[in-house]
Amino acid sequence: MNSLAFPLQLTFKITTFSNDFMAFDANGNTVAYVRQKMLKIFEEVQVYTDDSRSELNYTIRANKWLDFSATYTFTNRSGMEIGRIVRKGWASLWKSHYEILDERQQQDLLVREENPWAKVFDSILGEIPGLGMLTGYMFHPSYIVTRPDGTQVVRLKKEPSFFGRKFSIDKLAAFESGEEERILLGLMMLILLERQRG
């Protein structure tokens, strides 16, 4: 997942029991098929080349079971660790806050929710019978990825869609070495985590 044509479109499949989604580049080409393994003690996500699931490119694994601030480690097909995403527990109560670490476990990037009210209204109205199906068209949480110096690199945004199943990733700055891969894996995990929260 390097040198991709942005923006990327992520679409959840609603015909499966598992939390699966596909990622497409700006030309409509499939760049990843993401599958969250069900009934695992430690959360695990597998990233394939496409929905045939014949070629596994990455695995993302939690270091703890149901922890408020778990760390999710990215490994490539060779089993080598290439980075991590860490949810900052208490800091994420109101406004989601994550850190992406590099392969040396040094802080590389920050991910913050831009407008927490969008998620609050999305969650509240999603619980109202009949209205829940429409929230996908009304409220659109977004997340911004920045470097420690404040440079904005990427924006992840929920797009208007039935059942809130579509997201987009826009590139805001040129990537530095290794950033693109870590950002995309981090945002794929973030989508799964935040979607569970509402």
Side chains of V86 and L101: closer than 4.5 Å at any heavy-atom pair? yes
Answer whether the closest heavy-atom distance between the side chains of Y72 and L193 falls below 4.5 Å. yes
Treat each ILVMFWY residue as a node, draw an edge where side-chain heavy atoms are under 4.5 Å apart, and state whether I82 and L184 are in one component. yes
Could you give me the CA-CA distance, side-chain angles and deciding distance for K158 and I191, then say whether side chain to side chain contact (heavy atoms under 4.5 Å, CB included) is met? CA-CA 9 Å; K158 183 179 176 185; I191 288 172; over 6 Å; no
Would you call L4 and F6 a side-chain contact if the rule is heavy atoms closer than 4.5 Å? yes
Rounded distance (nearest 0.5 Å) linking atom OG1 of T30 with atom CZ of F24: 4.5 Å
For T151, does its backbone N or O pair with a side-chain atom of D149 as donor and acceptor, under 3.5 Å? yes
To the nearest 0.5 Å, how far apart are CG in L109 and OG1 in T146? 7.5 Å
Interatomic distance, R87 atom CZ to T71 atom OG1 [nearest 0.5 angstrom]: 12.0 Å
Please evaluate residues Q9 and K166 with respect to the criterion side chain to side chain contact (heavy atoms under 4.5 Å, CB included), reporting the C-alpha separation (whole Å), side-chain torsions for both, the decisive distance (0.1 Å), and the verdict. CA-CA 7 Å; Q9 299 296 322; K166 292 185 180 178; 5.6 Å; no
For a 4.5 angstrom cut-off between non-hydrogen side-chain atoms, does M188 reach V47? yes
Closest non-hydrogen contact found for I100 with G186 is CD1-CA, 4.5 Å
A side-chain contact here means heavy atoms from C-beta on lying under 4.5 Å apart; do Y98 and E194 qualify? yes
Calculate, to the nearest 0.5 Å, the distance between atoms CD and CG belonging to E113 and L190 respectively. 9.0 Å
Is the shortest side-chain heavy-atom distance between E114 and K157 below 4.5 Å? no
Check the angle between the aromatic planes of F12 and F21 and answer parallel, tilted or perpendicular using the 30° and 60° thresholds. tilted
Rounded distance (nearest 0.5 Å) linking atom CE of M22 with atom OH of Y33: 7.5 Å
Out of curiosity, E180 CD to K171 NZ, how far, rounded to the nearest 0.5 Å? 6.5 Å
How close do P148 and Q107 get, heavy atom to heavy atom, and via which atoms? CG-OE1, 3.9 Å
Electrostatic pair R104-D102, nearest N-O below 4.0 angstrom: yes
Verdict with supporting geometry, R165 and T11, side chain to side chain contact (heavy atoms under 4.5 Å, CB included): CA-CA 6 Å; R165 64 190 194 100; T11 305; 3.2 Å; yes
By the definition side-chain hydrogen bond (donor to acceptor under 3.5 Å, both in side chains), identify the one residue from E181, Q46, R77 that meets it with Y58. E181
Have E81 and T73 got a donor and an acceptor in their side chains that come within less than 3.5 Å? no
Should F175 and F74 be regarded as members of a common hydrophobic cluster, given that ILVMFWY residues are connected when their side-chain heavy atoms come within less than 4.5 Å of each other, either directly or indirectly? yes
Would you say E55 and D50 make side-chain contact, with heavy atoms under 4.5 Å? no
Is the closest side-chain heavy-atom distance between L156 and V145 below 4.5 Å? no
For residues R155 and Q152, report the shortest heavy-atom separation together with the two atoms involved. NH2-OE1, 4.1 Å
Where do L10 and A23 come nearest, in terms of heavy atoms and distance? CD2-CB, 3.2 Å
